[in-house]
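See structure below.
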Amino acid sequence: MAVLTSYFASLNPIALFRSMPGAFAQGMIWGLLALGVYITYKLLDFADLTVDGSFATGAAVAVMLIRGGMNPWLALIFAFLAGMLAGLITGLLHTALGIPGILAGILTQISLYSINLNIMGCSNQAVNVDKYNLIVSLRYLTDSTVAEIRLFITLILFCVVIIGLLYWYFGTEQGQAIRATGCNPQMARAQGINTNFHTVLALMISNGIFGLAGALYAQYQGAADVNMGRGAIVIGLAAVIIGEVLFGKLCAGKKISFAYTLLSVIAGAIIYYMVISVVLWLKFPSDDLKLFSAIVVALFLSIPYLKGKYAKKEVK
Amino acid sequence: MAEMLRIENIHKTFNAGTINEKVALAGVNLTLEEGDFVTVIGGNGAGKSTTLNAVAGVWPVDSGKIYIGGDDVTNLSEYKRAKYLGRVFQDPMTGTAATMSILENMAIAARRGQKRGLSWGVTKAEQETYRELLATLDLGLEDRLTSKVGLLSGGQRQAITLLMASIQKPKLLLLDEHTAALDPKTAAKVLELSDRIIADNHLTAMMVTHNMKDAIAHGNRLIMMHEGKVILNISGEEKKRLTVEDLLHQFEKVSGEEFASDKALLS
């Protein structure tokens, strides 16, 4: 009893309150990554594990370019292109060489580990917010209210613009062809859609977004690290699934339901980071966070399967 | 009348050189003139669907040539051949994209054979055209344009697939046992719709069926396949006078065996 009392007494509600803006900012950056996961996992029906590598590639490219004197905004574009290149490799391994999707992603991801080390020259490179005019930074949360508001407006704009672009793109003829490819490749080919080309295209777009998210996250935390993408797919999936479970019904049937669905993915990522903040605040050991995330994702992924099984039993 | 399809001596063996080797097509020849509607019958494994898949380019043939509308398509991949073809499959799930709306499915079909760029996937003008087209089905689908196709019944999906197959007038319509998975009433409706679409658009068509009565009642020509070959090729007046007994008799005469498909006889 005394242990519990002292445990609860040691929890500081104000600390939890203070951690929320950070969770929000992180959630939005990882929300962008989750949009890419949504494209591959949901639209293309392709579990793309390239993300663990391409996220760090985007970060490495952006950080090295910024350190070399490039404008951080311009560096974002190169991070996006580097991510696209990673997606191209996975796509070609899969479509041109017939390697199963998951394995193709793993091969690219592993090779990117070496490439990322080569880009950075070592396992970790810092970008100091005092030296460079970074787009986003952890420091803006504490510097001043103006900086904090500007940080959030910037992040919100990123999310809105990318959701807008994706909403537009997946409504175009090309975007529809990608969706048809993911939904029913046999139908797509019968309607004259080059399924290989559109698979590669979708992987390039999603990995471009992973690169962009990596570049933003490196600026946010002030460094690129070769291990920063480890488990990114799990966080991305968690965001997609949380968004789907919590907001799926709200999004369905609306006129621009696809835009709402994308928004729910970002919301899912924010909620994920808020939950993580609470879990950490409850003094959950941070070493076990990845285990915690994996269990959460496994639980949510298994719900539809278990529901189906249970429903069948009832019919008997 | 122009020649629409010419199949010249095509061969296809699956799993060649293995214990599962199966000669699926052993020298198929067939020529269809513009406006021909041929029904294709035969027992299981006779090569009916395989012939349709060879024409559609699902995989390359081992030898032989395929011409559609005079163009040599033998070496064209499946998606490139699609511009010549309209296809409806046995499984109603195959012909449409379940997670996309009726509207989007039709728009995708309307762009068959065209470059897919960055213009909006469905224009306002198209919507009206599709609404009118769907109204001709008399299934109430014209009011459900934005519904996901996955919510529809098998019959409704086959009806939409038929519209999609004919929306860009194909040189050849391939119907691969497209009513086999439907209940009898729905199957009859979809068959009637197929007849109407073929007649209205003056399409050239191949229809694989297990049902001898359907094969006799529909189209102006009939071929029977056996062991990867066309063993009967009936057209004109002869086809009009044809009965199921005739067909069975002919089959036994040509193949030297009894027709081995209960499904064809009972249905």
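Keep in mind the model is a prediction, meaning the values are calculated, not measured. Numbers restart at 1 for each chain; the letters A, B, ... are given by sequence-line order, proteins then strands.
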**Request:** Considering only heavy atoms and a distance below 4.5 Å, find which of B:A56, B:G121, B:A165, B:A82 pairs most often with chain A.
**Result:** B:G121
**Least distance between heavy atoms, A:A190 atom then B:F89 atom** = CB-CZ, 3.9 Å
**Distance-minimising heavy-atom pair for A:C183 and B:A98** = SG-N, 3.3 Å
**Request:** Decide side chain to side chain contact (heavy atoms under 4.5 Å, CB included) for A:Q176 and B:V122; before the verdict, give the C-alpha distance in whole Å, the side-chain angles of both, and the deciding distance to 0.1 Å.
**Result:** CA-CA 10 Å; A:Q176 278 186 346; B:V122 196; 3.5 Å; yes
**Message:** Given 3.5 Å as the limit, does a donor-acceptor pair link the side chain of A:N194 with the main chain of B:Y79, or not?
**Reply:** no
**Request:** Could you verify whether a donor N or O on one side chain and an acceptor N or O on the other, from B:R112 and A:Q191, lie under 3.5 Å apart?
**Result:** yes
**Fill in**
Here the pair of heavy atoms bringing A:T172 nearest to B:L118 is CG2-O, 3.5 Å
**Request:** Determine the minimum heavy-atom distance between B:W120 and A:W168, stating which atoms define it.
**Result:** CZ3-O, 3.3 Å
**Request:** Flag the one option from B:K80, B:K148, B:E104 with the top tally of heavy-atom pairs under 4.5 Å to chain A.
**Result:** B:E104
**Item:** Residue, of B:T96, B:T99, B:L85, that accumulates the most heavy atom pairs under 4.5 Å with chain A
**Value:** B:T96
**Item:** Interatomic distance, A:R189 atom CZ to B:R81 atom CZ [nearest 0.5 angstrom]
**Value:** 13.0 Å
**Item:** Which portion of B:T94 sits near chain A, non-hydrogen atoms under 4.5 angstrom
**Value:** both
**Message:** What part of B:A109 gets within 4.5 angstrom of chain A, counting heavy atoms only: side chain, backbone, both, or neither?
**Reply:** both
**Request:** State, with a plain yes or no, whether a side-chain heavy atom of A:M187 is found less than 4.5 Å away from one of B:M164.
**Result:** yes
**Shortest non-hydrogen separation from A:E173 to B:K115 and the atoms involved** = OE1-O, 3.7 Å
**Asked** Counting heavy atoms not belonging to A:Y260, are there more than 12 under 6.0 Å from its OH?
**Response** no
**Request:** Pick whichever of B:G117, B:A97, B:S77 has the most heavy-atom pairs under 4.5 Å with chain A.
**Result:** B:G117
**Test item: A:N184 side-chain N/O and B:M93 main-chain N/O as donor-acceptor pair under 3.5 Å** = yes
